[in-house]
There are 2 protein chains.
Amino acid sequence: MSQVSQFRHSIKLLSGGLVLTATEKQALDELPISHLFIRANADLAQTGDQPSRCITIVSGLATTSKITRGGKRQFAAIHIAGDMPDLMGLHLEKMDCDIRTSTDCEVEYTEHEDIRSLCARHPRLAFALWKITLADAAIMREWIINLSSRPALSRLAHFFCEMLVRMESAGLARGSSCHLPLTQDDLSDLTGLSAVHINRTLQVLRSSGFMTFNDSHLTILNWKKLTHLAEFDDRYLHMRRESRLMNVN
Amino acid sequence: MSQVSQFRHSIKLLSGGLVLTATEKQALDELPISHLFIRANADLAQTGDQPSRCITIVSGLATTSKITRGGKRQFAAIHIAGDMPDLMGLHLEKMDCDIRTSTDCEVEYTEHEDIRSLCARHPRLAFALWKITLADAAIMREWIINLSSRPALSRLAHFFCEMLVRMESAGLARGSSCHLPLTQDDLSDLTGLSAVHINRTLQVLRSSGFMTFNDSHLTILNWKKLTHLAEFDDRYLHMRRESRLMNVN
DNA sequence: CGAGTACTTGACACGTTTCAACATCCGTGG
DNA sequence: CCACGGATGTTGAAACGTGTCAAGTACTCG
């Protein structure tokens, strides 16, 4: 029996526990999927591309970014295992952003044509994929709020809260800790703060005792106080209740 | 013969010129739609709601916002005629944001159940609606860039560039000018800048000679220079070439 | 006429950026 | 083995953009 694809896994996971029928399962199993390993800092898609297939991340980190005139790269999203970062390419003619690996990545490719035909035949699977793009949009909405209305300390804290919940939901956290290989420069591009200020803000977070971020390792020591500081409310992530972080230490 | 709904019009417009088949047209015509007038500053949907229908704006302005702990309202999107601001409610269980009218609005309501059944029977219409949500997401991506990487002057200019292109595409602009009933407080919530700073920045924009914003009226006097100042590139709006602003004055 | 809303202005405070120097770590090649 | 360069992290001091507060104007509407 063939191994279940990350693609199928993502649909189940992110669709809020959709129970697949036998024919839906079969359709997913028959979906041609190719499996690839990609090095860090490689382009998965570039602005202006018209991709013919879409990516599911099996492992590693990737980012969605745009370049501003100053040449500075600014991140608009970060993607972890299970995410489908260029699903928008399925319906939009051209990519309006760059998608790059941030670490070595294992990815699956699925042809747009196959997905379209799958969606046409199985509306519930189409809805599940559609929902994934809507959940991604919800995250962007929250990022807009985070960027425009929270000072450095809360903003950075908010980012870490989001990442731990998402990593936990992807099965990549142990307790309230996870591997998160981002440099302070990455955090700068993610939060819109200067790298120097990220450094100082990290020190404040560390000294608060609520969390640490060292050696690519995020550890949250006081979830309650950190979420309060960050004004973090995980409802925008649209995850199922039972999969949420419940630690109250 | 019944009047063509804004819903149907939006699907055609935003789907990049989808040519509807006879049966698709019929399906759209048979879609039950109710028509309502809503006063300014009224809630269309609130955080936590589980809406059973979705809105198409026929006229007026609406916003998507979230409240931060300070009680400050921050906008994550602004919607004009033809937009479907709560389409995410079709697949997400609960609203993660508030949607409110900003002016008096004329709206259409369509039941989720009817849309779902329409989508199941007509995949191309499903794709068109899906694409609308993806185009909205693309705007949010650009807002993230705008908020995190551009100083007040470019940021505000960028917002005005976007609005003129969108209004033009909705048929609501005359030349390079449009009615845009937003207060400086609204602009503050839209750009993440203080109202006082909006005021000063507007003065700079005015004195630059590139544009004016007075009496709820936006006029762009030098499109080329303003877009350059704003780093505005309309490709993220995913409109069809021919509908783009072509004035180079 | 008074109240309310939107807009305007000035002075000052504060958060964040910038720049420049330095520390640390790590893989690579001599 | 050590020397080196490059990427990453750290620190200090100064400059700058933006926020805040407070006062005042202009306009509309009842």
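Chain A is the first sequence line, chain B the second, and so forth, proteins listed ahead of strands; every chain is numbered from 1.
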TODO: Rounded off to whole Å, could you give me the CZ-to-C1' distance for the A:R150 and C:dT16 pair?
DONE: 18 Å

Task: Length of the CG-P vector between B:L187 and D:dG19, whole Å - done: 13 Å

- [ ] Using whole Å, report how far CD1 of B:I198 lies from C1' of D:dG17.
- [x] 14 Å

Task: Value in whole Å for how far the P atom of C:dT17 lies from CG of A:L156 - done: 12 Å

Open item on the list: If I take atom CG in residue A:N214 and atom C1' in nucleotide D:dT10, what distance separates them, rounded to the nearest angstrom?
Closed with: 13 Å

Task: Closest nucleotide among D:dT20, C:dT8, C:dT18 to the B:R206 side chain - done: C:dT8

Open item on the list: From CG of B:L205 over to P of C:dT8, roughly how many Å is that when rounded to an integer?
Closed with: 13 Å

Open item on the list: Quick check for you: among C:dC7, D:dG19, C:dT18, whose closest atom lies nearest to any side-chain atom of B:H197?
Closed with: D:dG19

TODO: Specify whether A:H179 and A:H217 have parallel, tilted or perpendicular ring planes, treating 30° as the upper limit for parallel and 60° as the lower limit for perpendicular.
DONE: tilted

- [ ] Identify which nucleotide among D:dG9, C:dA6, D:dT11 has an atom closest to any side-chain atom of B:T183, counting heavy atoms from C-beta outward.
- [x] C:dA6

Task: Phosphate OP1/OP2 of D:dG9 contacted by A:Q203 side-chain N/O (<4.0 Å) - done: no

Open item on the list: Please determine whether a side-chain nitrogen of the Lys or Arg among A:R53 and A:D86 lies less than 4.0 Å from a carboxylate oxygen of the Asp or Glu.
Closed with: no

Task: Residue-phosphate contact under 4.0 Å: A:Q184 side-chain N/O, D:dA7 OP1/OP2 - done: no

Open item on the list: Show, in sequence, the C-alpha distance, side-chain angles and deciding distance for B:E93 and A:H238, and conclude whether the side chain to side chain donor-acceptor pair (under 3.5 Å) test is met.
Closed with: CA-CA 8 Å; B:E93 275 86 12; A:H238 295 280; 5.4 Å; no

TODO: Round to the nearest Å and state the distance from A:D186 atom CG to D:dA7 atom P.
DONE: 13 Å

Open item on the list: Among C:dT18, D:dT18, C:dT16, which nucleotide has an atom closest to any side-chain atom of B:P151?
Closed with: D:dT18

Open item on the list: Can you see whether B:Q6 engages B:T56 through a side-chain donor-acceptor pair at a distance of less than 3.5 angstrom?
Closed with: no

Task: Ion pair B:D98/B:R100, N-O distance below 4.0 Å - done: no

- [ ] Measure from the side chain of B:R200, starting at C-beta and using heavy atoms only, and say which of D:dT18, D:dT20, D:dT11 lies closest.
- [x] D:dT20

- [ ] For A:A195, answer base if it contacts any base atom (sugar-phosphate contacts may also be present), sugar-phosphate if it contacts only those atoms, and nothing otherwise; contact means non-hydrogen atoms under 4.0 Å.
- [x] nothing

- [ ] Please determine if a side-chain N or O atom of A:N199 lies less than 4.0 Å away from the OP1 or OP2 oxygen of D:dG9.
- [x] no

Task: Separation of atom NZ in A:K72 from atom P in C:dT18, rounded to whole Å - done: 9 Å

